[in-house]
Amino acid sequence: MADVTITLPDGTKRIAAPGTTLQAFAGELKLPFKPVAAELDGLAVDLSAPIAADCCVSFIRPDSEPGLDIIRHSTSHVMAQAVQELYPGVKVTIGPSIEDGFYYDFDYDGTFSPEDLEKIEKKMEEIAGRNLPFVRRELPKQEAIDFFNKLGEKYKVEIISEIPADTVSLYVQGEFTDLCRGPHVPATGMIKSFKLISTAGAYWRGDERNKMLQRIYGTAFADKKALKEHLARIEEAKKRDHRRLGKELDLFSIYDEAGAGLIVYHPKGALVRRILEDFEVRQHLKRGYDMVKGPQILKLDLWERSGHLQNYLENMYFTEVEGKKYGLKPMNCLAHMLIYRSRLRSYKDLPLRYFELGTVNRHEKSGVLHGLTRVREFTQDDAHILCMPEQLHGEISDIITFVKDVMAMFGFEFEVELSTRPAKSIGDDQSWDLATAALREALESNGLAYDVNEGDGAFYGPKIDFKLRDCLKRSWQCATIQCDFILPERFDLTYIGEDGGKHRPVMLHRVILGSIERFMGILIEHFAGAFPVWLSPVQAVVIPISDAQHEFAQQVLESLRGNDLRAGIDLRNESLNLKIREAQLQKTPFMLVVGNKEIEQGGVAVRLRSGENLGFMPLQAAVQKIKDTCANELQGM
RNA sequence: GCCAGCGUAGCUCAGUGGUAGAGCAGCUGAUUCGUAAUCAGCAGGUCGUCAGUUCAAUCCUGACCGCUGGCUCCA
């Protein structure tokens, strides 16, 4: 048989005998790394695969993204083997690699304790030590089903039954066989740097009606050093956790006595929040929104009419006044629709943009609450835009620009998702299609990359979500734009068109920051507590060196406040070093030190929280410096 | 809501079947200081709540409340 020609990534060509395995071929190449698998004509395959014909081959580095993915996936198989060796009778389900690690879900009647994880880890090391090859087997579906049936692995049987192909692939390592697409590392000996992280309950197929399985999370890397660095990074990230910083910076707290998921703002947290809200009001007025304000409770009939009672009941709180039932608002839209309906509207009035910093209450399941990012009472920077269908595209575009501008100013990166009609929803197909198309077009004309989330829309319409990540890479929805043809109909909202006839407006629900609470949480983590100066609760602290400068320091403080700066003063009988240290730990942007020298020259010595010492500045110059910094941060918004 | 772990002083955390400790913070006094912790003394807790087991529970058991990590859900 004729030799085959292999093209390498750099374009060079090699000749090999047909049937040469990739592993053997890699050996000839003297690669500077130990490959975990290869790409054969763009398809990831095992190194044990033979080269049958002319092809392009590139080898996958263990420290590359696809390489780590394969290592983690193989590690999950090793973990499954370890678990089955230690706990006979445990059924395996699925065990994929995920961002930064992997997990495997087991059907086990007991639970895994931290001590169990240690045992499993030891067993995994033992299996790695056996250096068992990962052997790929392909067999007809029915044979695979019979095979797993014999083992009693009913979950595997269920999965195979749903695979459309005629044959499936299995991977065998020693006594352990798992259904798997592959590829895998050549042998368990390549699994060296891993750690089991945590356990969790997880519903089979993610459905809470199904049995809860026992999930074990772990992570794996190409080498021990990378693993150690990863674990250190997580520790480092925890230091900027907003729950921790919220306490350290005395911003807010949550009290058992008051209730779970309810935020109590301390002076500095309340101030930051207020500054954010002021910023929002300015931005909305600038962009043609009108401020409105609805009540916290509205009669039950209204919630029934809007569809909330049918679709949002389990998230709502109710109360009764003089025999009349009321619902505490979980959303702000109702009052906004009433305002629209309060008089006859002309097409010349549209679009109408109603903006409200609306505080809503939602009953969230206890297990989902999380610091500021998932709470039971929060304030949305909510707006409802009522417009003609032909204005929809422009309005959505403007909102997207609004979101982009605000996120850019804070320095956030975000991900975008388009969510379509869910099972539990109201309205006809035509309206849903129209609304979904409008959102899609606006995204595309703005050149935003997005993922589609089928069936994840609100019950009244499809939506675009903008997601930010917290310090531990968890993704949180902040801005959202929801298109709604349904509520205007339910509330019989109309406008008089050019033709003198009645027409139905379209409604957009949208938020920019989302919830002020959640956004603050993300902000705290993003800046590690060192807020931009314009947002800092204390922009400058005056620090006299000793009692002798107290009077002058007070004058400096008054002057700062007179210039609309948020300033504090540290008059404690403590050393300069201590005061500097504490101001630093509080992330105060400007420390204005006052000693006798400064009094003589009528100014302050300026130190930044970066540690940089700017030295003496006349007081007015320091004030101007702070103001300039703020203006610069706000980028003219 | 479900699975697991946790709940000890204001905070961070030790600890034990015979009712508890450290550091920081706090208070008092001394010190009056030049850019990340001055020194000394004092005080501080029905060990999340409620039941149960026990001669005896902060420790063991159960329920509840809350927190943490996930799952489902969601801004």
Side-chain angles (χ1 to χ4, degrees), chain A residues 103 105 108 110-114 116-117 197-217 238 241 243-244 247-248 250 253-261 312 314-315 330-331 358 360 362-375 378-382 456 458 463 465-468 472 474 476-480 482 509 511-519 521-522 543-550 572-585 591-598 605-609 611-615:
Chain A
Y103 68 79
D105 284 347
Y108 175 41
T111 58
F112 296 114
S113 65
D116 288 326
L117 289 196
I197 304 287
S198 61
T199 58
Y203 302 105
W204 167 236
R205 306 226 136 157
D207 189 328
E208 64 181 327
R209 288 165 303 191
N210 287 342
K211 178 162 185 185
M212 182 161 270
L213 308 169
Q214 298 299 318
R215 173 174 297 181
I216 301 178
Y217 282 95
K238 282 182 183 162
D241 189 311
R243 293 164 298 183
R244 176 186 180 132
K247 208 174 273 176
E248 286 174 7
D250 198 17
S253 53
I254 302 169
Y255 299 88
D256 302 6
E257 304 109 290
Y312 212 69
E314 62 272 27
N315 288 296
M331 298 185 193
V360 296
R362 297 184 185 175
H363 174 253
E364 301 288 350
K365 292 178 181 176
S366 57
V368 308
L369 301 174
H370 182 93
L372 290 176
T373 49
R374 193 76 187 269
V375 295
F378 58 100
T379 299
Q380 296 179 303
D381 57 339
D382 204 359
D456 216 29
K463 58 177 184 167
D465 292 327
F466 297 79
K467 300 198 166 187
L468 301 179
L472 292 172
R474 288 175 292 218
W476 297 97
Q477 183 177 314
C478 290
T480 177
Q482 310 179 344
H509 309 240
V511 291
I512 304 296
L513 305 185
S515 122
I516 303 287
E517 282 73 7
R518 175 175 291 180
F519 195 77
I522 304 266
I543 304 178
I545 291 176
S546 73
D547 293 357
Q549 298 89 28
H550 278 194
R572 293 176 302 167
N573 175 16
E574 297 288 355
S575 69
L576 175 64
N577 277 328
L578 184 96
K579 294 181 191 178
I580 296 264
R581 174 182 155 82
E582 295 196 348
Q584 193 85 44
L585 291 173
M591 285 158 252
L592 308 180
V593 177
V594 174
N596 287 333
K597 274 188 270 176
E598 285 71 26
V606 181
R607 180 194 162 103
L608 307 180
R609 62 186 162 190
E612 191 184 352
N613 193 342
L614 300 184

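Just so it is clear, the values below take in all heavy atoms, side chains as well, and ignore hydrogens, waters and symmetry mates. By convention in this document, chain letters (A, B, ...) are assigned in the order of the sequence lines, proteins followed by strands, and residues within each chain are numbered from 1.
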Item to check | Side chain of A:L585 - closest among B:G69, B:A36, B:C71 | outcome: B:A36
Next on the checklist: For a quick check, tell me whether the side chain of A:R362 and the base of B:C73 share a donor-acceptor pair closer than 3.5 Å.
Outcome noted: no
Next on the checklist: Looking at A:T111, I'd like to know whether one of its side-chain N or O atoms comes within less than 4.0 Å of OP1 or OP2 on B:C3.
Outcome noted: no
Next on the checklist: Heavy atoms from C-beta onward define the side chain here; which of B:C71, B:A75, B:G66 lies closest to that of A:A260?
Outcome noted: B:G66
Item to check | Donor/acceptor link under 3.5 angstrom from A:D547 side chain onto base of B:U32 | outcome: yes
Item to check | Partner nucleotide, any strand, of B:C60 [Watson-Crick/G-U, under 3.5 Å] | outcome: B:G52
Checklist entry - Under 4.0 Å between a side-chain N/O of A:K579 and OP1 or OP2 of B:G34, yes or no? => result no
Checklist entry - Just to confirm, is there a sub-4.0 Å distance from OP1 or OP2 of B:G70 to any side-chain nitrogen or oxygen of A:S198? => result no
Checklist entry - Under 3.5 Å, is there a donor-acceptor pair linking the side chains of A:D105 and A:Q214? => result no
Next on the checklist: If I take atom NZ in residue A:K365 and atom P in nucleotide B:C73, what distance separates them, rounded to the nearest angstrom?
Outcome noted: 8 Å
Next on the checklist: Looking at A:Y203, is its backbone amide N or carbonyl O close enough to the side chain of A:N210 to form a donor-acceptor pair, meaning the two atoms are under 3.5 Å apart?
Outcome noted: no
Checklist entry - Mind checking who B:C73 pairs with, Watson-Crick or G-U wobble, both distances under 3.5 Å? => result none
Item to check | Identity of whatever pairs with B:A37 - Watson-Crick or G-U, under 3.5 angstrom | outcome: none
Next on the checklist: Base, sugar-phosphate or nothing for A:V360? Non-hydrogen atoms, less than 4.0 Å.
Outcome noted: nothing
Next on the checklist: Tell me whether the side-chain N/O atoms of A:Q477 come closer than 4.0 Å to OP1 or OP2 in B:A75.
Outcome noted: yes
Item to check | Watson-Crick or G-U counterpart of B:G21, or none if no pair lies under 3.5 Å | outcome: B:C13
Checklist entry - Has the side chain of A:E364 got a donor or acceptor atom sitting under 3.5 Å from an opposite partner on the base of B:G1? => result no
Item to check | A:F112-B:A4 aromatic stacking (under 5.5 Å, under 30°) | outcome: no
Checklist entry - Under 4.0 Å between a side-chain N or O of A:R607 and OP1 or OP2 of B:A36? => result yes
Checklist entry - Are a donor atom and an acceptor atom from the side chains of A:Q477 and A:R518 found within less than 3.5 Å of each other? => result no
Checklist entry - Expressed in whole Å, how much space separates the C1' atoms belonging to B:A56 and B:G18? => result 7 Å
Protein-nucleic acid N or O pairs under 3.5 Å, nucleotides 6-13 of chain B:
unit_1: B:U12; atom_1: OP1; unit_2: A:K247; atom_2: NZ; d: 3.2

Checklist entry - At under 4.0 Å between heavy atoms, what does A:R243 touch on the DNA or RNA strands: base, sugar-phosphate, or nothing? => result sugar-phosphate
Checklist entry - Which part of the nucleic acid, if any, lies within contact of A:N315, taking any heavy atom under 4.0 Å across all strands shown: a base, the sugar-phosphate backbone alone, or nothing? => result nothing
Next on the checklist: Tell me whether the side-chain N or O atoms of A:Y203 pair up with the base of B:G1 as donor and acceptor below 3.5 Å, since no angle test is needed here.
Outcome noted: yes
Item to check | Derivation and outcome, salt bridge (charged side-chain N to carboxylate O under 4.0 Å, His left out), residues A:E208 and A:K365 | outcome: CA-CA 13 Å; A:E208 64 181 327; A:K365 292 178 181 176; 3.6 Å; yes
Checklist entry - Closer than 4.0 Å, any side-chain N/O of A:Y217 to the OP1 or OP2 of B:C71? => result yes
Next on the checklist: Quick check: on RNA chain B, is the nucleotide nearest A:M212 upstream (toward 5') of the one nearest A:H370, or the reverse? Name the residue that is more 5'.
Outcome noted: A:M212
Next on the checklist: Both distances below 3.5 Å, Watson-Crick or wobble geometry, any strand: find the nucleotide opposite B:A4.
Outcome noted: B:U68
Next on the checklist: On the nucleotide B:G70, are OP1 or OP2 found under 4.0 Å from the side-chain N or O atoms that A:R474 carries?
Outcome noted: yes
Checklist entry - For A:A583, which contact category applies under a 4.0 Å heavy-atom criterion: base, sugar-phosphate, or nothing? => result nothing
Checklist entry - For B:A43, which nucleotide is its Watson-Crick or G-U wobble mate, given both distances must be under 3.5 Å? => result none
Next on the checklist: Within the 4.0 Å heavy-atom criterion, would you say A:V593 contacts the bases, only the backbone, or no part of the nucleic acid?
Outcome noted: base
Checklist entry - NA contact type, A:G206, heavy-atom cut-off 4.0 Å: base, sugar-phosphate, or nothing? => result sugar-phosphate
Checklist entry - Which part of the nucleic acid, if any, lies within contact of A:L578, taking any heavy atom under 4.0 Å across all strands shown: a base, the sugar-phosphate backbone alone, or nothing? => result sugar-phosphate
